[in-house]
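Because the structure is predicted, anything quoted here is derived from the model rather than measured. When a residue number appears, it is its place in the shown sequence, counting from 1. Whatever order the structure lists ligands and atoms in, that order sets their numbers, starting from 1.
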Amino acid sequence: MNAYDNALRQLEKAANLINLDKEVLARLSSPEKVVMASLPIRMDDGSLKIFQAYRVQYNSARGPYKGGIRFHPQVDLDEVKALGFWMTIKCAVVGIPMGGGKGGVIVDPKALSLGETERLSRAWIRAFREIIGPEKDIPAPDVYTTPQIMAWMADEFSKLVGKPSLGVVTGKPIEYGGSLGRGTATATGGFYVLEQAVAKLGWKKDKLKVAIQGFGNAGAIMAKLLYDAGYKVVALADSRAIIHNEHGLDVDSVAQYKEETKSLGGFKGSKEISREEFFALDVDILIPAALENQITKDNAGSIKAKLVVELANGPTTPEADEIMYKNNITLVPDVLANAGGVTVSYFEWLQNISNNYWSEEEVDKELKERMIPSFEAIWQMSIDKKTALRTAAFMVALDRIAQASKVRG
Ligand code: NAD
């Protein structure tokens, strides 16, 4: 299961349906630029370690490249290419005038001290300084990269260029050019589209049971939003454990427990279940919010949820997509469901380059005004073209990218 193969299959499927211009398809079938670097880092014990790092600048038809940096042991070039491609589609889905890119480092961030993490983050910026910048390519956080890491990165870049350059990365802390609402934006945007989908399906939300895989920035905040809104969160998963309580978990207590113990495992009043059991749970809504390739042909058939909202990037393989579509499962795709993150990243960048900062209410209002119409347009397209929401989202995005490519020549 190669994430990039999956991404290209998604592209091909939607491209065929809209008869996408062959030249645009060719351009979108490979990244514009791939840069690799070896980052030598002095470890706390005095030894030197080399870390492999990437930046993929996938497509800039609609504007500067935009996309996060992932620190994870399983990062590989094809994964970064897939993520860069999805960023291209995502920005077009929500109408952000930016292209797509992604970065990564092959590293186990949990094994690094704070000092080592800082040196690695600054080294990443030094390695890619020529190709990034507020008007060129604007990275952001992704799995296991944090606002603190973004602050080190913006600081390093500002030193290199000899002037404050806050717009070089987004997802920064509020004290250093961050936007109010950025930390919660991915989940909040996902929550808005989830509620739209629930309304379209004619469901009453107070009875709905939810299972969420991933308890980080995306998953934990989504869990809290749903819990506060009256949904019943019955299962939660992190990299170490999957916990379940059919009567509902107290998400605030779970978050506190995870903070203290660093794991969900052993949370009082829950029982641990297997991955297979998790995907087959008797729930209404399933939210993958961890990594790629989680819903595959092997478990898609067992899914009982009738609504899947992809907060993670690329959690579903194309085979699993087909199975769920046949089983009448409504799937809100990643390129729409998690686009709240890049949307508020764009707002952060706008605030940085204009040096004019917005209130939390303004950010939330603007986020809502992008997410809900984007959902409506894609929902309508899926009805008109009798296709899944993912393909509909790709159709909307590809059309916008094709128009930009065409006028640019
Ligand atoms: P994060 O580092 O904050 O959290 C990741 C979570 O996933 C952690 O709880 C971790 O324990 C869990 N996890 C890792 N491996 C797992 C496994 N095998 N099974 C179950 N859980 C596992 O990362 P995040 O920012 O929440 O990102 C999660 C997903 O959301 C990624 O696919 C990311 O690309 C996507 N995403 C995030 C943002 C954002 O703004 N943070 C925006 C768009 C998309």
Side-chain angles (χ1 to χ4, degrees), residues 3 66-75 79-80 82-87 89-91 93-94 96 100 102-104 107-110 117 139-150 169-172 178-179 181-190 193 211-224 235-243 254-255 258-259 261-265 272-276 278-279 286-296 299 309-316 333-348 367 371:
K66 183 90 195 79
I69 303 170
R70 180 172 291 195
F71 284 2
H72 196 275
Q74 261 101 50
V75 162
E79 178 188 64
V80 186
L83 292 163
F85 168 75
W86 286 322
M87 285 305 299
I89 298 292
K90 196 182 301 182
C91 288
V93 161
V94 280
I96 290 172
K102 204 81 184 191
V107 57
D108 177 6
K110 291 180 187 167
T117 308
D142 190 68
V143 174
Y144 296 141
T145 46
T146 59
Q148 173 62 77
I149 290 175
M150 295 304 117
V169 294
T170 56
K172 299 178 294 295
S179 174
R182 172 61 185 94
T184 51
T186 302
T188 306
V193 297
I212 305 176
Q213 184 200 36
F215 201 67
N217 179 282
I221 297 171
M222 182 60 135
K224 168 80 176 141
L236 290 165
D238 66 9
S239 61
R240 297 188 173 124
I242 309 175
I243 58 170
V254 175
K258 164 103 183 172
E259 178 80 30
T261 65
K262 306 289 169 223
S263 168
L264 297 176
E272 286 193 35
I273 57 172
S274 69
R275 242 180 93 79
E276 290 69 34
F278 174 82
F279 284 105
L286 175 66
I287 304 179
L291 296 170
E292 302 90 71
N293 291 330
Q294 298 301 305
I295 305 179
T296 68
N299 58 16
V309 179
E310 294 184 331
L311 272 196
N313 282 307
T316 309
D334 47 7
V335 290
L336 172 64
N338 69 35
V342 73
T343 302
V344 178
S345 269
Y346 168 59
F347 298 161
E348 180 178 331
L367 174 63
M371 295 305 297

Please state which protein non-hydrogen atom is closest to atom 39 (C) of ligand 1 and give its distance, to 0.1 Å?
Thr186 OG1, 3.2 Å
So is there a nitrogen or oxygen of Gly341 less than 3.5 Å from a nitrogen or oxygen in ligand 1?
no
The answer for which part of His72 has a heavy atom under 4.0 Å from ligand 1 is neither
Just how far is it from atom OG1 of Thr184 to atom NZ of Lys224, taken to the nearest 0.5 Å?
12.0 Å
Among all protein heavy atoms, pick out the one at the shortest distance from atom 33 (C) of ligand 1; state its residue, atom name and that distance to 0.1 Å.
Asp142 OD1, 3.5 Å
Residue, atom and distance of the protein heavy atom nearest atom 26 (O) of ligand 1 read Ala218 N, 2.8 Å
In terms of atom number and element, which parts of ligand 1 are under 4.0 angstrom from non-hydrogen atoms of Arg182?
40 (O)
For Gly314 versus Trp86, what's the shortest heavy-atom pair and its separation?
CA-CH2, 3.5 Å
Quick check on atom 15 (N) of ligand 1 - does any protein heavy atom sit closer than 4.0 Å to it?
yes
Decide whether an N or O pair under 3.5 Å exists between Gly216 and ligand 1.
yes
For ligand 1, which atoms, with element, lie under 4.0 Å from some heavy atom of Leu291?
15 (N)
For Ala289, state whether at least one heavy atom is located under 4.0 Å from any atom of ligand 1.
yes
If I take atom CG from residue Asp238 and atom CD1 from residue Ile212, how far apart are they, to the nearest 0.5 angstrom?
12.5 Å
Out of curiosity, Asn299 CG to Gln294 CD, how far, rounded to the nearest 0.5 Å?
8.5 Å
Compute the minimum heavy-atom distance from Arg70 to ligand 1 and say whether it is under 4.0 Å.
yes
Gap between atom NZ of Lys102 and atom CE of Met87 - 0.5 Å precision
5.5 Å
Taking atom CZ of Arg275 and atom CD of Gln213, what is their separation to the nearest 0.5 Å?
6.0 Å
Which atom of Ala237 lies closest to which atom of Leu264, heavy atoms considered
C-CD1, 3.5 Å
Mind checking whether Asp238 contacts ligand 1 via backbone (N, CA, C, O), side chain (CB onward), both or neither, at a 4.0 Å heavy-atom cut-off?
both
All heavy atoms of Arg182 vs all of Pro141, minimum pair found to be NH2-CD, 4.2 Å
Closest non-hydrogen atom pair between Pro109 and Pro73, with its separation:
CD-CD, 4.3 Å
If the cut-off is 4.0 Å to any non-hydrogen atom of Ala290, which atoms of ligand 1 fall inside it?
7 (O), 13 (N), 21 (N), 22 (C), 28 (C), 29 (C), 31 (C), 32 (O)
Does an N or O anywhere in Pro141 fall below 3.5 Å from an N or O of ligand 1?
no
In Å and rounded to the nearest 0.5 Å, what is the OG1 to NZ distance from Thr343 to Lys90?
9.0 Å
Just distances here: any N/O of Val143 and N/O of ligand 1 closer than 3.5 Å?
no
Side chains of Thr145 and Arg70: do they bring a donor and an acceptor to under 3.5 Å?
no
Can you tell which of Thr170, Ile149, Ile69 makes a side chain to side chain contact (heavy atoms under 4.5 Å, CB included) with Pro139?
Ile69
Going by the side chain to side chain contact (heavy atoms under 4.5 Å, CB included) test, name the single residue among Val309, Asn313, Leu311 that passes it with Asp334.
Asn313
Please identify which atoms of ligand 1 are closer than 4.0 Å to at least one heavy atom of Gln213.
19 (N), 20 (C)
Please confirm whether Lys90 comes within less than 3.5 Å of ligand 1 when only nitrogen or oxygen atoms on both sides are compared.
no
Counting only heavy atoms, which portion of Leu311 has something under 4.0 Å from ligand 1: side chain, backbone, both, or neither?
backbone
Do me a favour and list the nearest non-hydrogen protein atom to atom 9 (O) of ligand 1 with residue, atom name and distance?
Phe215 N, 2.9 Å
Heavy atoms only: give me the nearest Leu286-Pro288 pair and the separation to one decimal.
O-CD, 3.6 Å
Who's the nearest protein heavy-atom neighbour of atom 11 (O) of ligand 1, and how far?
Ser239 N, 2.9 Å
Is there a heavy atom of Arg240 sitting under 4.0 angstrom from any atom of ligand 1?
no
Atom 2 (O) of ligand 1: nearest protein contact (heavy atom, Å):
Tyr144 N, 3.0 Å
Using heavy-atom distances only, which candidate in Ile242, Asn338, Asn217, Thr145 approaches atom 1 (P) of ligand 1 most closely?
Asn217
